[in-house]
S.K.: 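Sharing a structure below in structure tokens format, with a few things to ask.
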Amino acid sequence: MLRMSTLLLRTLRDDPADAEVASHRLLVRAGYVRRIAAGVYSWLPLGYITLRNIERIIREEMDEAGFQEVHFPSLLPREPYESTNRWEEYGPNLFRLKDRRGNDYLLGPTHEEMFTLMVKGEYSSYKDLPLSIYQIQTKFRDEARPRSGIIRGREFVMKDSYSFDLDDAGLAVSYEKHRNAYIKTFERLHMKYNIVSAVSGAMGGSRSEEFLAPCPTGEDTYVLCEKCGYAANVEAMITKVDAYAGAEPAAMEIFDSPSTPTIDSLVTLLNEKFGEGYQASDTLKNVLLMADGKAISILVPGDREVDLKRLEANLPGVLELRLFEDADFAKHPGLVKGYVGPQDAAKFGITVYADPRVVLGSHWVTGANERDKHVRFVTHGRDFTIEKFIEAAEVRAGDLCPNCSTPVVIDRAIEIGHIFQLGRKYAEALDLTVLDKDGKSQVVTMGSYGIGVSRAVAAIAEQTYDELGLNWPREVAPADVHIVATGKDDLPFNTAEQLAKELEAAGLRIMLDDRRDASPGVKFKDAELIGIPFIVIVGKALADGKIELRVRRTGDKSEVLLESAVAQIVSVVTAN
RNA sequence: CGGGGCGUAGCGUAGUGGCUAGCGCGCCUGCUUUGGGAGCAGGAGACCGGGAGUUCGAAUCUCCCCGCCCCGACCA
């Protein structure tokens, strides 16, 4: 039983000055966490109970799915991370340190290497697979900008699992099992979430999905179709296009277009010159970039920008991507800044990619590769060709859902889980192989699955808080029932004490406000701020032999006869 | 890492060159009070983020450093 009279807790009446987002503000005010450094937090009793409740739910669901829990140190030697090249690759986000002998160590930002090595150390036969193992562990990442309290910390608790399979079909099964376990877990946590397609990117692998908890303070933006439920990371959004249905375009026609380096100025000129209701989307923008030292051009309709993150996610294997600079133009004398067109790209040695909207057979107004000249009726397939289509144009609210053509919305969310098919990258780097049926050595294929545990505390707070304070789902809350005793004599306190014992015996977790020196107002405010889902008040109504039961979430209040209180409370609470 | 803001007691804050750094919450003592953050009286708690400088005199001005928050870049 938790007792307010002795609990290490001091609620704050004012919002802390350094907390902006609601979850951070309330978790500090309600005495759950305290900031120690940027992105580093201590957990007070209430907070730690809540965190452990979430851990327990996750653990139960992982065990239920047949995954085995293991545990690795946070303090790790350099070598394993050397063989996968991540000692370097992880860059400044890695906390590095030295022991007294000067040997390099790191604080684990993620544990792919250790999991892989653990399996390598024990297993060597296909008969041992499939295997899924997980841990709940503190991770360390020296983020450039920790933010939003415990939503993005530099030290945080994460559940990470890895699956090990002989082949892709097995990986698909393990992936699906994790996906289902995650669905069950987040349902139990009472979270609202969307499963969103993501781009697996440089990590390789074929499938990747994120569990995103919609929330205005979230730092991820994603695309959602409210009609069919299609959800995708902005990077993974698929552009819906129709085949070109117009007439065969006229031959290319070059025209003078002095001082029209921008799309706007070009559209104005087009309408003056040809009067045909030209729009920015009729022009073709040629965005020039350097990809690992190679010049590439991305063709997008003139009303769209190139989204560099999206481009990068869809250009696997490219390490350095940047926009053309003046020096790059100098190296490609055929290219005239502001007047570039794809017609001569092959001649200039430029690889051309195009947004899917630049469909085969469509015609465009674009640069003539001559100063002050543009050209119209430039037709894809006839006048230029591309290397391939690429999803690189910015995504906007109102773009069409690839499944059902409904305009999509763009929403914000907190990433609470991520599952993806890792493939063989780590198994290859660390030489994790097993012998198959035929006695041949096979590289194992892996999946990687994460849940942000400490982040979930904040995400749940964000999705449930109200103007009175925190407002937890029952399983997550630090207790089921918060009993408040008010009054000046012993009767309500003794009654509350007795009630607390009986409810506890009935299996409920109880917080008892047994403070004699606090006024009723203070106790009510504290109870609401702390956010335990049921509040029982033992006070004034005792005169009629009753207690009051309140439901924090709905604000419902009802009076219950003391004799039947235990049964009533248990039934209301467990029905929830 | 770029841009912006802030650093005064546990928390929230006032104080822009001049008395002993002020107030509210919280904390301690006593009395009163007990259904919506009670009242009165008394009290403890601050090297004003750190260092250097300017000045007769610095929380206040200057320089350097550190820390924190927000926007952006970044984020297996």
Side-chain angles (χ1 to χ4, degrees), chain A residues 8-21 24-25 28-31 34-40 44 81 84-86 89-94 108-113 115 139-149 151-154 156 158 160 162 198-205 208 210 217 219-220 235 308-309 312-313 322 415 418-423 425-426 446-450 452 455 468-469 484-493 513 515-529 535 537-543 547-548 550 557 559:
Chain A
L8 174 52
L9 171 71
R10 194 104 293 155
T11 58
L12 305 176
R13 202 174 289 214
D14 300 306
D15 284 334
D18 62 355
E20 192 115 328
V21 305
H24 187 199
R25 220 177 61 224
V28 172
R29 268 194 62 201
R34 293 287 181 257
R35 194 183 58 73
I36 296 301
V40 179
L44 289 153
Y81 286 77
T84 53
N85 202 29
R86 286 165 101 194
E89 223 171 64
Y90 225 97
N93 274 19
L94 193 63
T110 170
H111 283 81
E112 280 84 355
E113 285 82 355
F115 275 90
K139 309 283 186 190
F140 298 85
R141 294 182 197 174
D142 195 0
E143 298 277 354
R145 181 150 105 80
R147 73 183 89 176
S148 311
I151 293 177
R152 172 177 292 280
R154 294 191 296 169
F156 56 98
M158 183 172 174
D160 51 332
Y162 298 87
V199 177
S200 29
M203 297 298 297
S208 170
E210 289 171 1
T217 51
E219 51 183 354
D220 288 32
E235 286 84 344
L308 279 181
K309 260 177 100 171
E312 206 162 355
R322 59 172 176 81
E415 182 184 343
H418 192 177
I419 54 178
F420 70 105
Q421 300 188 358
L422 252 187
K425 170 172 170 167
Y426 288 92
M446 294 167 58
S448 159
Y449 317 89
R455 174 179 284 184
L468 297 174
V484 174
T486 68
K488 48 185 164 192
D489 8 275
D490 292 342
L491 181 66
F493 289 90
D513 196 342
R515 290 175 295 178
R516 299 295 290 246
D517 53 353
S519 71
V522 169
K523 293 179 182 178
F524 296 153
K525 290 282 186 208
D526 276 348
E528 284 149 357
L529 177 63
I535 300 170
I537 297 156
V538 182
K540 236 165 55 173
L542 265 189
I547 53 105
E548 186 180 328
R550 296 184 186 176
K557 300 178 183 181
E559 295 204 330

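We name chains A, B, ... by the order of the sequence lines, and we start the count at 1 in each one. Given the structure is predicted, the values throughout are model-derived calculations rather than measurements.
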S.K.: Sort out the partner of B/U33 for me: Watson-Crick or G-U wobble, both distances under 3.5 Å, none otherwise.
M.R.: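 Base-paired to nothing in any strand shown.
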
S.K.: For B/C47, what is the paired nucleotide under Watson-Crick or G-U wobble rules, both distances under 3.5 Å?
M.R.: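 The base-pairing partner of B/C47, which may sit in any strand shown, does not exist here.
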
S.K.: Side chain of A/His418 only, heavy atoms from C-beta on: which candidate in B/G36, B/A76, B/G12 is closest?
M.R.: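 Output: B/A76.
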
S.K.: Using a strict 4.0 Å threshold on nitrogen-to-oxygen distance, state whether A/Glu219 and A/Arg147 make a salt bridge.
M.R.: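 Salt bridge present between A/Glu219 and A/Arg147.
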
S.K.: Closest to the A/Asp14 side chain: B/C11, B/G36, B/A76?
M.R.: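 Nearest nucleotide to the side chain: B/C11.
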
S.K.: Base, sugar-phosphate, or nothing for A/Ser148, non-hydrogen atoms under 4.0 angstrom?
M.R.: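 A/Ser148: backbone/sugar contact only, no base atoms under 4.0 Å.
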
S.K.: Which comes earlier along RNA chain B counting from the 5' end, the contact point of A/Glu20 or that of A/Glu143, where each point is its nearest nucleotide?
M.R.: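 Here A/Glu20 is the residue nearer the 5' end.
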
S.K.: Is A/Arg516 close enough and on-axis enough to A/Phe493, meaning under 6.0 Å and within 45°, for cation-pi?
M.R.: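 Judged by the rule (NZ or CZ under 6.0 Å from the ring centre, within 45° of its axis), A/Arg516 counts as positioned above A/Phe493.
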
S.K.: Heavy atoms only, 4.0 Å cut-off, all strands: where does A/Ala518 land among base, sugar-phosphate and nothing?
M.R.: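 Base contact.
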
S.K.: With P as the reference atom in both, quote the distance from B/C65 to B/A21 in angstrom, rounded to an integer.
M.R.: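 One P to the other, the span is 31 Å.
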
S.K.: Is A/Lys139 salt-bridged to A/Asp160, going by a charged N under 4.0 Å from an acidic O?
M.R.: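 Judged by the 4.0 Å cut-off on N to carboxylate O distance, A/Lys139 and A/Asp160 do form a salt bridge.
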
S.K.: Ion pair present between A/Lys540 and A/Glu548, side-chain N to carboxylate O less than 4.0 angstrom?
M.R.: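 Judged by the 4.0 Å cut-off on N to carboxylate O distance, A/Lys540 and A/Glu548 do not form a salt bridge.
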
S.K.: Hey, which sits more toward the 5' end of RNA chain B by its nearest nucleotide, A/Gly149 or A/Thr11?
M.R.: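 Nearest-nucleotide comparison on RNA chain B picks A/Thr11.
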
S.K.: For B/U34, does either OP1 or OP2 sit under 4.0 Å from a side-chain N or O belonging to A/Ser519?
M.R.: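 So the side chain of A/Ser519 is outside the cut-off, no N or O lying under 4.0 Å from OP1 or OP2 of B/U34.
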
S.K.: Would you mind reading off the distance between A/Ile151 atom CD1 and B/C69 atom P, rounded to a whole angstrom?
M.R.: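 Computing the A/Ile151:CD1 to B/C69:P distance gives 13 Å.
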
S.K.: With C1' as the reference atom in both, quote the distance from B/C48 to B/G43 in angstrom, rounded to an integer.
M.R.: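 That atom pair is separated by 23 Å.
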
S.K.: Across all strands shown, which nucleotide pairs with B/U60 by Watson-Crick or G-U wobble geometry, both distances under 3.5 Å?
M.R.: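 Across any shown strand, B/U60 pairs with none.
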
S.K.: Keeping the roles fixed (side chain from A/Arg35, backbone from A/Gly149), state whether a donor-acceptor pair exists under 3.5 Å.
M.R.: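 Side chain of A/Arg35 to backbone of A/Gly149: no pair is present.
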
S.K.: Does B/G35 have its OP1 or OP2 closer than 4.0 Å to a side-chain nitrogen or oxygen of A/Lys540?
M.R.: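 Negative; the distance criterion is not met.
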
S.K.: Give the nucleotide from the list B/C68, B/A76, B/A73 with an atom nearest to the side chain of A/Ala144.
M.R.: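 Nearest listed nucleotide: B/A73.
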
S.K.: Pick the C1' atom in B/G45 and in B/G10, then give their distance to the nearest Å.
M.R.: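 About 10 Å, rounded to a whole number of Å.
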
S.K.: Provide the distance between the two P atoms, one in B/U60 and one in B/G50, to the nearest whole Å.
M.R.: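 My reading of the P atoms in B/U60 and B/G50 gives 10 Å.
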
S.K.: Atom CG of A/Leu308 and atom P of B/G72: how far apart are they, to the nearest Å?
M.R.: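 Rounding to the nearest Å, CG of A/Leu308 and P of B/G72 are 16 Å apart.
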
S.K.: Distance check, rounded to the nearest 0.5 Å: A/Met158 atom CE versus A/Arg455 atom CZ?
M.R.: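 Answer for the CE-CZ pair, A/Met158 versus A/Arg455, is 9.0 Å.
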
S.K.: Please give the distance between the P atoms of B/A52 and B/G7 as a whole number of Å.
M.R.: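 Between the two P atoms, the distance is 22 Å.
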
S.K.: Counting side-chain heavy atoms from CB outward, which of B/C74, B/G36, B/G12 is closest to A/Lys309?
M.R.: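 Given the options B/C74, B/G36, B/G12, the side chain of A/Lys309 is closest to B/C74.
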
S.K.: Can you figure out which of B/C69, B/A38, B/G35 approaches the side chain of A/Arg35 most closely?
M.R.: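 Output: B/C69.
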
S.K.: Could you tell me whether A/Arg515 and A/Asp526 have a side-chain N and a carboxylate O separated by less than 4.0 Å?
M.R.: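 Yes, charged N to carboxylate O under 4.0 Å.
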
S.K.: Where the side chain of A/Pro16 is concerned, which of B/C68, B/G35, B/G12 is the nearest nucleotide?
M.R.: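 Selected nucleotide: B/G12.
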
S.K.: When we call it a touch if two heavy atoms are under 4.0 Å apart, what does A/Arg550 touch: a base, just sugar-phosphate, or nothing?
M.R.: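 If one applies the 4.0 Å heavy-atom cut-off, A/Arg550 turns out to touch a base.
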
S.K.: Tell me: CG of A/Leu8 to C1' of B/G10, nearest whole Å?
M.R.: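 One finds 13 Å between C1' of B/G10 and CG of A/Leu8, rounded.
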
S.K.: Would you measure the distance from the P atom in B/A59 across to the matching atom in B/C19 and give it in whole Å?
M.R.: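 Looking at atom P only, B/A59 and B/C19 are 10 Å apart.
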
S.K.: Between atom CD in A/Glu312 and atom P in B/A73, what is the gap in whole Å?
M.R.: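 In whole Å, B/A73 P and A/Glu312 CD are 13 Å from each other.
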
S.K.: If you check every side-chain atom of A/Ala38, which of B/G12, B/A76, B/C68 has the closest atom?
M.R.: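 Side chain of A/Ala38 sits closest to B/C68.
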
S.K.: Looking at B/A73, B/G12, B/A76, which one has an atom nearest to any side-chain atom of A/Thr110?
M.R.: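 In terms of side-chain proximity for A/Thr110, the closest of B/A73, B/G12, B/A76 is B/A76.
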
S.K.: Checking all strands, does A/Ala543 fall into the base, sugar-phosphate, or nothing category for heavy-atom contacts under 4.0 angstrom?
M.R.: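 No contact at all - A/Ala543 keeps every heavy atom at 4.0 Å or more from the nucleic acid.
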
S.K.: Given the C1' atoms of B/C31 and B/G24, what is the spacing between them in whole Å?
M.R.: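 Nearest-Å result for B/C31 against B/G24 at atom C1': 23 Å.
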
S.K.: Answer with base, sugar-phosphate or nothing: what part of the nucleic acid does A/Asp15 contact at a heavy-atom distance below 4.0 Å?
M.R.: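 Sugar-phosphate contact only - A/Asp15 comes under 4.0 Å of backbone atoms but never of a base.
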
S.K.: Could you give the distance separating B/C23 and B/C68 at their P atoms, to the nearest angstrom?
M.R.: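 About 31 Å, rounded to a whole number of Å.
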
S.K.: Paired with B/C68: which nucleotide, if any, by Watson-Crick or G-U wobble criteria at under 3.5 Å for both distances?
M.R.: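 Result: B/G5.
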
S.K.: Test A/Ser208 against A/His418 for side chain to side chain donor-acceptor pair (under 3.5 Å), laying out the working first.
M.R.: CA-CA 7 Å; A/Ser208 170; A/His418 192 177; 2.9 Å; yes

S.K.: From the options B/G35, B/U34, B/C68, select the nucleotide whose nearest atom is closest to the side chain of A/Asp18.
M.R.: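 Of B/G35, B/U34, B/C68, B/C68 is nearest to the side chain of A/Asp18.
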
S.K.: When all nucleic acid strands are considered with a 4.0 Å heavy-atom cut-off, which category describes A/Glu528: base, sugar-phosphate, or nothing?
M.R.: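 Result for A/Glu528 = base.
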
S.K.: Could you give the CG-to-C1' distance, from A/Leu529 to B/C11, as a whole number of Å?
M.R.: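 Taking CG of A/Leu529 and C1' of B/C11, I get 14 Å after rounding.
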
S.K.: Base, sugar-phosphate, or nothing: which does A/Glu548 touch, judged by heavy atoms less than 4.0 Å apart?
M.R.: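 The residue A/Glu548 makes base contact.
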
S.K.: Would you mind reading off the distance between A/Asp513 atom CG and B/G36 atom C1', rounded to a whole angstrom?
M.R.: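 Atom-to-atom, A/Asp513 to B/G36, this comes out as 13 Å.
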
S.K.: Please give, in whole Å, the distance from B/U32 C1' to A/Asp517 CG?
M.R.: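 Rounded to the whole Å, the gap is 15 Å.
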
S.K.: Are OP1 or OP2 of B/A76 and a side-chain N or O of A/Arg141 less than 4.0 angstrom apart?
M.R.: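 Looking at the OP1 and OP2 atoms of B/A76, neither is under 4.0 Å from any side-chain N or O of A/Arg141.
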
S.K.: Could you please name the partner base of B/U20, counting Watson-Crick and G-U wobble pairs only when both distances are under 3.5 Å?
M.R.: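 Result: none.
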
S.K.: Under 6.0 Å from the ring centre and within 45 degrees of the ring axis: does the NZ or CZ of A/Arg550 meet both conditions for the six-membered ring of A/Phe524?
M.R.: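 Pair A/Arg550/A/Phe524 counts as cation-pi.
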
S.K.: Among the candidates B/G72, B/G35, B/A76, find the nucleotide nearest to the side-chain atoms of A/Arg147.
M.R.: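 The closest nucleotide is B/G72.
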
S.K.: What is the separation between atom CD1 on A/Ile535 and atom C1' on B/G35, rounded to the nearest whole Å?
M.R.: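 My rounded result for the distance is 13 Å.
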
S.K.: Taking N and O atoms by type only, does the side chain of A/Arg29 place a donor or acceptor under 3.5 Å from a partner on the base of B/G26?
M.R.: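 Side chain to base: no pair present.
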
